[in-house]
S.K.: 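Below you'll find the structure I mean.
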Amino acid sequence: MNPFQPIGRAVLALLAEIGRVALFLKDGLAQGLSPTYYIRQILEQMWRIGYNSLPVVGLTAFFTGGALALQIYLGSSRFNAEGLVASIVALGITRELGPVLAGLMVAGRVGASIAAELGTMRVTEQIDALVTLSTNPFKYLVGPRLIAAVVTLPILVAIGDTIGIMGGYIVGTRSLGFNSYAYIKNTADFLEVDDVTSGLIKAAVFGFIIAVMGCYHGFNSKGGAQGVGRATTNAVVSAAILILAANFALTNLLFSE
Amino acid sequence: MADGHIILQDLRKSFNSKHVLNGINLSVPKGHSLVVIGGSGTGKSVMLKCILGILHADSGSIQIGGEEITGLKGKARDEFLRRFGMLFQGGALFDSLPVWENVAFGLTHGRNVPRAKAKDIAIEKLSQVGLTAEVAKLYPAELSGGMQKRVGLARAIAADPEIIFFDEPTTGLDPIMADIINKLIVDCVKRLGATTISITHDMASARKIADDIAMIHKGEIIWQGPAKTIDYSDNPYVDQFIHGRGTGPIQMEVLKA
């Protein structure tokens, strides 16, 4: 057997999948985001994606902020630069860790839930039922999830940033002996608006990726319970990989001199 | 064939190399109830899905009320679908909505009927299928299989459609509940004066609800005639099917492990 055959087959399968996602995206944007809008669905999805993800995003940010403060303190103390802890925690959280960790946590929680819900609707003919009731499934199911994810992820990340910085502050002032006023002043002096907005832009992109992957895999699931399980796994894995790849590309784009 | 309300001519549909519909020709006069019988995998559901536009036929003609509908898109297709009601095999009720919202879905989403008025209509339709107003606020998961079929039927007739499709309406029900559902279908269809196509394996159901019966085999209509003449069809395929004989011209495809 030709050793290049499996590689070629995998590449072709990947390209075919990219093509299918692109076609789904075209329909999702053209049909899902065109008037009319299902306001109740959008608000419900905002509640599910945004509000219900607050505990997991908040806890992740808090512990990450605390751990970051400890690590930076230990590292910077080797060359007497402990004073940088507050500013580096703030930068690290707002630019990178806030959006990426929130994106990954929401991909696990929400991406899986979207794929499982739509996948079940597909295999139980609920999506076909929508069509027979003169309701475009892209408008009713995909559009609200896309809008809700793109709007709520930046809000989640903004809250997560605040909690993460607070985690660093608590560790810095309670365990590492920093003065409370100096810590806050260092954070405020060093942090710029661009640091925060770049993270929020990333969050919006990650929200889009999570919703698209969840909807795509759910919409195209087949084969009963096993198919729904496969769709759920694929939604989370593909969203997580795309988030990390998009993060690299966006960091390159937003922070290149 | 020219006076048919629903006319299919040479309808073909394949999935890759598998030819599911091999030139279906069928005509249903206005106000008539046609039952399509046939074994599993013979193309019954695919035929209904092609008429509804859930699947796109490869070739052939579908005329409803003299209008060719194969190329309909967007709003024209939504308008066309408003003339239809459909009862799905598994009910295909929306898990996330209470019973009354399921029944009223086509009214609130497809026709912009105010929610309060749509709820009144839903409760009225539920009473027509023998369900009380108490059931209206329950969720589909709280209902038995028979109740789910009734709710599905109430949803199918909610907007007083001129055409109704029934996909295996009695599958999975005990004989008594199946007979009740058959009677409800006959009553509802008579009240609305609708044209209907039902697909089933259940001969008791077919005899009860059909004016005409057609048999599909390997993607072709091999017999069509008045329901009361099916016992004298003189067609060996029909005879084998209606008597449920294991031997005869129909060879079941059984995959060997």
Side-chain angles (χ1 to χ4, degrees), chain A residues 16 23 26-27 30-49 52 110 113-145 148 218-225 227-228, chain B residues 15 45-46 48-56 72-97 101-113 115 118 140-141 148 151-152 155-159 161 163-168:
Chain A
L23 287 173
K26 177 186 81 86
D27 288 338
Q31 297 177 44
L33 300 183
S34 65
T36 52
Y37 299 105
Y38 291 101
I39 303 298
R40 282 167 63 92
Q41 296 301 311
I42 295 171
L43 293 176
E44 189 187 324
Q45 290 305 321
M46 282 183 167
W47 180 268
R48 282 198 203 176
I49 297 172
N52 289 347
V110 174
S113 142
I114 292 175
E117 187 180 7
L118 298 196
T120 306
M121 288 185 77
R122 167 62 76 199
V123 300
T124 56
E125 295 187 304
Q126 291 178 50
I127 293 180
D128 290 344
L130 277 176
V131 175
T132 65
L133 292 163
S134 307
T135 303
N136 184 330
F138 280 99
K139 269 195 209 305
Y140 186 74
L141 297 173
V142 178
R145 283 164 176 78
F219 231 72
N220 292 293
S221 78
K222 48 191 155 197
V228 175
Chain B
F15 296 97
S45 295
V46 171
L48 284 194
K49 287 182 177 177
C50 284
I51 300 173
L52 290 165
I54 294 169
L55 293 172
H56 296 288
L72 288 183
K73 281 182 184 163
K75 284 203 170 135
R77 187 159 162 262
D78 288 346
E79 282 297 324
F80 152 75
L81 285 168
R82 284 195 189 116
R83 297 158 68 183
F84 279 85
M86 168 113 185
L87 171 61
F88 284 85
Q89 184 177 348
L93 301 176
F94 305 126
D95 308 315
S96 57
L97 301 177
E101 286 196 50
N102 265 282
V103 176
F105 195 93
L107 302 169
T108 50
H109 291 80
R111 292 167 180 82
N112 295 324
V113 175
R115 283 172 66 81
Q148 289 189 13
V151 174
R155 185 172 71 180
I157 61 170
I163 298 164
I164 311 176
F165 290 163
F166 300 102
D167 185 359
E168 310 272 6

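In what follows, chains are A, B, ... by sequence order, proteins preceding strands, each numbered from 1.
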S.K.: Side chains of A:Asn136 and B:Arg77: closer than 4.5 Å at any heavy-atom pair?
M.R.: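 Side-chain contact under 4.5 Å: no.
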S.K.: Less than 4.5 Å to any heavy atom of chain B: does that hold for the side chain of A:Ile127, its backbone, both, or neither?
M.R.: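 Looking at A:Ile127, nothing touches chain B.
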S.K.: Is there side-chain contact between A:Leu130 and B:His109, with heavy atoms separated by less than 4.5 Å?
M.R.: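 Side-chain contact under 4.5 Å: no.
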S.K.: Which atom names give the shortest non-hydrogen contact between B:Ala92 and A:Glu125, and what distance separates them?
M.R.: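 That closest heavy-atom pairing would be CB-O, 3.6 Å.
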S.K.: Show the numbers, then the answer: is there a side-chain contact (heavy atoms from CB on, under 4.5 Å) between A:Met121 and B:Phe94?
M.R.: CA-CA 8 Å; A:Met121 288 185 77; B:Phe94 305 126; 4.2 Å; yes
S.K.: I want to check something: taking the side chain as every heavy atom from C-beta on, are B:Asp95 and A:Gln126 in contact at a cut-off of under 4.5 Å?
M.R.: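 Side-chain contact under 4.5 Å: yes.
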S.K.: If you tally heavy-atom pairs under 4.5 Å against chain B, which of A:Glu44, A:Glu117, A:Arg40 wins?
M.R.: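 Looking at each option in turn, the highest pair count goes to A:Arg40.
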S.K.: Do the non-hydrogen side-chain atoms of A:Val131 and B:Leu52 ever get within less than 4.5 Å of each other?
M.R.: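 A side-chain contact under 4.5 Å is absent here.
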S.K.: So which part of B:Leu107 gets closer than 4.5 Å to some heavy atom of chain A, the side chain, the backbone, both or neither?
M.R.: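 Nothing of B:Leu107, per the 4.5 Å heavy-atom cut-off to chain A.
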S.K.: Which bit of A:Thr135 is near chain B, if near means a heavy-atom gap under 4.5 Å: side chain, backbone, both or neither?
M.R.: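 When you check distances to chain B, only side chain atoms of A:Thr135 fall under 4.5 Å.
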S.K.: Does any non-hydrogen side-chain atom of B:Ile54 lie less than 4.5 Å from one of A:Thr132?
M.R.: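 They are in contact (side-chain heavy atoms under 4.5 Å apart), so the answer is yes.
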S.K.: What distance separates A:Asp128 CG from B:Leu48 CG, expressed to the nearest 0.5 Å?
M.R.: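 It is 11.0 Å, given to the nearest 0.5 Å.
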